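Worth saying up front: this structure is predicted, and the values here are computed from it rather than measured.
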Amino acid sequence: MTQHWGLDVPNLLISVTGGAKNFNMKLRLKSIFRRGLVKVAQTTGAWIITGGSHTGVMKQVGEAVRDFSLSSSCKEGEVITIGVATWGTIHNREGLIHPMGGFPAEYMLDEEGQGNLTCLDSNHSHFILVDDGTHGQYGVEIPLRTKLEKFISEQTKERGGVAIKIPIVCVVLEGGPGTLHTIYNAINNGTPCVIVEGSGRVADVIAQVATLPVSEITISLIQQKLSIFFQEMFETFTENQIVEWTKKIQDIVRRRQLLTIFREGKDGQQDVDVAILQALLKASRSQDHFGHENWDHQLKLAVAWNRVDIARSEIFTDEWQWKPADLHPMMTAALISNKPEFVRLFLENGVRLKEFVTWDTLLCLYENLEPSCLFHSKLQKVLAEEQRLAYASATPRLHMHHVAQVLRELLGDSTQLLYPRPRYTDRPRLSMTVPHIKLNVQGVSLRSLYKRSTGHVTFTIDPVRDLLIWAVIQNHRELAGIIWAQSQDCTAAALACSKILKELSKEEEDTDSSEEMLALADEFEHRAIGVFTECYRKDEERAQKLLVRVSEAWGKTTCLQLALEAKDMKFVSHGGIQAFLTKVWWGQLCVDNGLWRIILCMLAFPLLFTGFISFREKRLQALCRPARVRAFFNAPVVIFHMNILSYFAFLCLFAYVLMVDFQPSPSWCEYLIYLWLFSLVCEETRQLFYDPDGCGLMKMASLYFSDFWNKLDVGAILLFVVGLTCRLIPATLYPGRIILSLDFIMFCLRLMHIFTISKTLGPKIIIVKRMMKDVFFFLFLLAVWVVSFGVAKQAILIHNESRVDWIFRGVVYHSYLTIFGQIPTYIDGVNFSMDQCSPNGTDPYKPKCPESDWTGQAPAFPEWLTVTLLCLYLLFANILLLNLLIAMFNYTFQEVQEHTDQIWKFQRHDLIEEYHGRPPAPPPLILLSHLQLLIKRIVLKIPAKRHKQLKNKLEKNEETALLSWELYLKENYLQNQQYQQKQRPEQKIQDISEKVDTMVDLLDMDQVKRSGSTEQRLASLEEQVTQVTRALHWIVTTLKDSGFGSGAAPQRAFDEPDAELSIRRKVEEPGDGYHVSARHLLYPNARIMRFPVPNEKVPWEAEFLIYDPPFYTAEKDVALTDPVGDTAEPLSKISYNVVDGPTDRRSFHGVYVVEYGFPLNPMGRTGLRGRGSLSWFGPNHTLQPVVTRWKRNQGGAICRKSVRKMLEVLVMKLPRSEHWALPGGSREPGEMLPRKLKRVLRQEFWVAFETLLVQGTEVYKGYVDDPRNTDNAWIETVAVSIHFQDQNDMELKRLEENLHTHDPKELTRDLKLSTEWQVVDRRIPLYANHKTILQKVASLFGAHF
């Protein structure tokens, strides 16, 4: 099914059964059923299995799937509905036969002509057709369907780090005898069933009696219910059938933990999906597991179904206190499978990411990236490259330094590696490959790995950061948002995530994914803005510290650098950041100093000592301090304007030389230009090699040439060098002047960069740069028309023009000038003159004459064609294309104008940073500063350092306080966001709509609730009164029989969570108390069915005329057994109620009745005669030693739970058995030790153990309710408690030394029994009769149970 059909393995199997005939459901119930069934299938990824026909309940399921398919989108997925039908009962089945096979098959639905056959339901997605050669016989598919469902439920679904067996649930609507049999088998197999009350027949019969005690479900009651719900066929029921129905319904109701009744409007039930999932959890909760495995299993189911609502209401309750470490495996599963609601739930319940994220956890997460993830492919490339360089045959194992390499590509080289390469790459670590992780009792579990890895020191600076990166690279929006809310360095984290997402979006081929990444990047940028806004409002100075603080967690970069790398213009254009940049721009000068004051002081610096300029720092307020001069000339704003003045002087001098003083030998002005240019070259070289962050020469060169203005500078300098070279050679003096003239243009263009700092000119320059791109696209379109028209015109007018320059003029130059109105005079033949052209094209200064007549005086070319071409050319080129260019300019202007301010503010930083690190002296005086730097770097070896004003590493205490302050304000931001979300009109409308819907549902259900409310209260009151009466009766009986101090009171209700169920079971009539397992219809390990015996017919005194049980006696290999036969003659030599040779046939319950040579079970009828698979007729005696010790912690103290001490018991188990057992059983005649106990004890300890048995305390002696019991053979046991009070007891140590452990090497030869010490608890997975004995032992010692 998974291979041929390509289906995914289901998370849940829903088997829908019920009436196969058409039946009518209430309209509301039908709507609820359809909605709930599809919802649970769609949300959990379940398969729905039905009978597949277009009738009854199968038709209802098909219509539900059809309605969902019509109303849902493609992204919601298909609901897998599998029909298992009988081939011989399908109408029009011939149409399904195809010689070559066909998929999907085509089937014609024809209900009118189907007759006694049925049509397949076309709304099912898949079908399995069962053919046994019969025709028209229904029910052929049932065995295969049962086996299929059982097989699927035994498979393991591995996903997201968790492996669970696929749970199965049976949903029942209506139905007849076959449906009852299906429910009975499902309950016996441990499959939970959901009965939809109100659907009719069997479903309503079971629903009506489900709340009653088993003793009250009598034959007469079932007969009455059948007469109500089976009116048409009631008279066909025989007495045997009614008895069988009663017995089956009693057995079904007895296992209430597997039975869920869906009642519309009762107990808050409104959706079938909730009832189905609650039924599975209730069944899981009722199963016996060691410790917290039961709760783990329930949580695994909820995570697999992705139903966080069920987890909140059913699992995370006060009944069980979850430890954070217990949730770590499920947290991993929720992360891998992208279930953010569960991640949020686990965080709410105590999971701390700093404790959860370890080295092994991160590697596990990265190893389980989706193959379609772009980051996964980049990781594979890194691993392949490492394999190639190492010449290795196998792909190297993934390590975190591989992840760090990819992250550095995404974050930029301004950051350092987040995960450094380990010193030993073969560092041992835990293997956490997800597909082999199974969270069950056997095998290695993910939980055990977490327990073993708790000692690991977290290797990263910030584990929350690592988890955030993992979520972001997969574009998991909700998950990333939840984890970011837990982060500490939240502003830097948001900006880094924005950078990563923008880089990934550039390489993502899927357009939708790329757009989602950009949207998420924008969302993170807004989060960074929101947090920074909160910080800036609170404290401007501390907020600005956050901008330039070196973040160790993010590769020793700063928030400002991350924002610039990510091109987060909205963040950089924030008022607080712009205020910081303005502060940097003005240096130590006050911002309110006018620009004219700065220029005056530059021209006349003595004004600095007059108070004409104000400074920020108090130490500079003194008027006569030389530091004022240094502070003034080191301010970036002053450096910038001095460089502007210097550059204007350079351009003026350059223009003067080119136009006035360009001599054959250079003048002093020209030499000054050379010196000036050399200082510019030195400055560009300094910028190229300036590396305060240690990025390396190649990276600095890459960053340098990534700037357009640097490319322009280098181009202008190289062109100047070429022009200078030509100028110094006398033969090329004039070409040199031409080159230098062109170079002057490039130097003038450099002024545009200088003016970007201007708030007025800066945005306009940005618009011009954007329009230049439009011009290039326009020129491409224009070239098509210019060339096409030029070639056509030239070919029509001129014959064989051979001069290349005139061809270019005619084709391109003249065509281009035509756009601007310079139309050729001869193109229309009016101004044709042979004097203006050269007839044979020999005159280099005249064009060749156009085609003319034989006289040479009149044109011969078609004037009408050339004029038409000219008009079309002008129409498209002059009107269409030029207007297109204007429209493009207008669009660009409008688009850029909206964001011009942001773009200008963003680009303003580059200029501020450039002049912040620039030497204060302008060219050519800057050469002195360069000389000083040369001495520092080369001679004194002083490394370059970035100014603290742009990158500041804080002290540890100061950084911790700053981050804590940021974290506090981040919480304020998140609260404000939630409040604003609630205040949005759309959200208010949605809330009001939900309230109205809830109100309508409550009003609709009110009538239903009222009708059953009084009845429920009376029933509850009656039940409480009955319990009180029985309790008082027990007290009186105890006082009469044992006196005032004797008798042990029953265990208190608070010590047993299922107190009501326990009391109810205790007050059942005796037949139910003793014969539950012994009356199971199917006898174990044999194909024999018991005669159904309802509770009221168990006592031999009860009249049961139709009682006719089958006889069954199994042949046994053991020599000492009673003979086989269904007559009394072979048994005539047996003596009952005495010791018969080696066999003790006495009963602990006194003398039993022998009838027709067969002993009668003292506890009543079982539905089977003979001795079954037991060895002896009458009582079969067994011994159950209960070996216990106190459970102790590592310190040796006794562990307690609910104040009571905790016991450990010795239990054994067969490898294929699901239950553990006490180490006892039947004994060889004359022997004291049971056979099984001998097989787990070494022979040398047998005698010592017999001594322990003699010294032990007898806790129970009597009948055992065993499924092997019959009317003539039964089991009775003696339970002896052997308790070791002291952990240092020598006998206990000898016992453990002589005990076969569960080590496979130590297993015994034949039965392969394994033994363990297990904690005594009501959830311990023991057989029911053994658990009863263990409870008595716990009561004996006052221990927890």
Problem set entry | Any side-chain heavy-atom pair of F777 and L884 under 4.5 Å | no

Problem set entry | Test salt bridge (Lys or Arg N to Asp or Glu O under 4.0 Å) applied to D522 and K502, K570, K567, the passing residue | K570

Exercise. Do L740 and F662 come close enough that some side-chain heavy atom pair is under 4.5 Å?
Worked result: yes

Problem set entry | F747 six-ring face occupied by R750 cation (under 6.0 Å, within 45°) | no

Exercise. Between L865, T818, L875, which is the residue that forms a side chain to side chain contact (heavy atoms under 4.5 Å, CB included) with L870?
Worked result: T818

Exercise. For Y647, does the OH atom sit with more than 12 other heavy atoms under 6.0 Å from it, leaving out its own atoms?
Worked result: yes

For this session: Check whether any side-chain heavy atom of T582 sits under 4.5 Å from a side-chain heavy atom of R908, and report yes or no.
Result: yes

Exercise. Can you tell if the side chain of F650 reaches within under 4.5 Å of the side chain of I673, non-hydrogen atoms only?
Worked result: yes

Exercise. Is Y813 atom OH crowded by more than 12 heavy atoms from other residues, nucleotides or ligands, each under 6.0 Å away?
Worked result: no

Problem set entry | Side chain to side chain, Q977 and R527, heavy atoms closer than 4.5 Å | no

Problem set entry | With sequence neighbours excluded, residues passing salt bridge (Lys or Arg N to Asp or Glu O under 4.0 Å) with R737 | none

Exercise. Under 6.0 Å from the OH atom of Y816, do we count more than 12 heavy atoms belonging to anything else shown?
Worked result: no

Exercise. In terms of the angle between their ring planes, are F720 and Y674 parallel, tilted or perpendicular, with boundaries placed at 30° and 60°?
Worked result: perpendicular

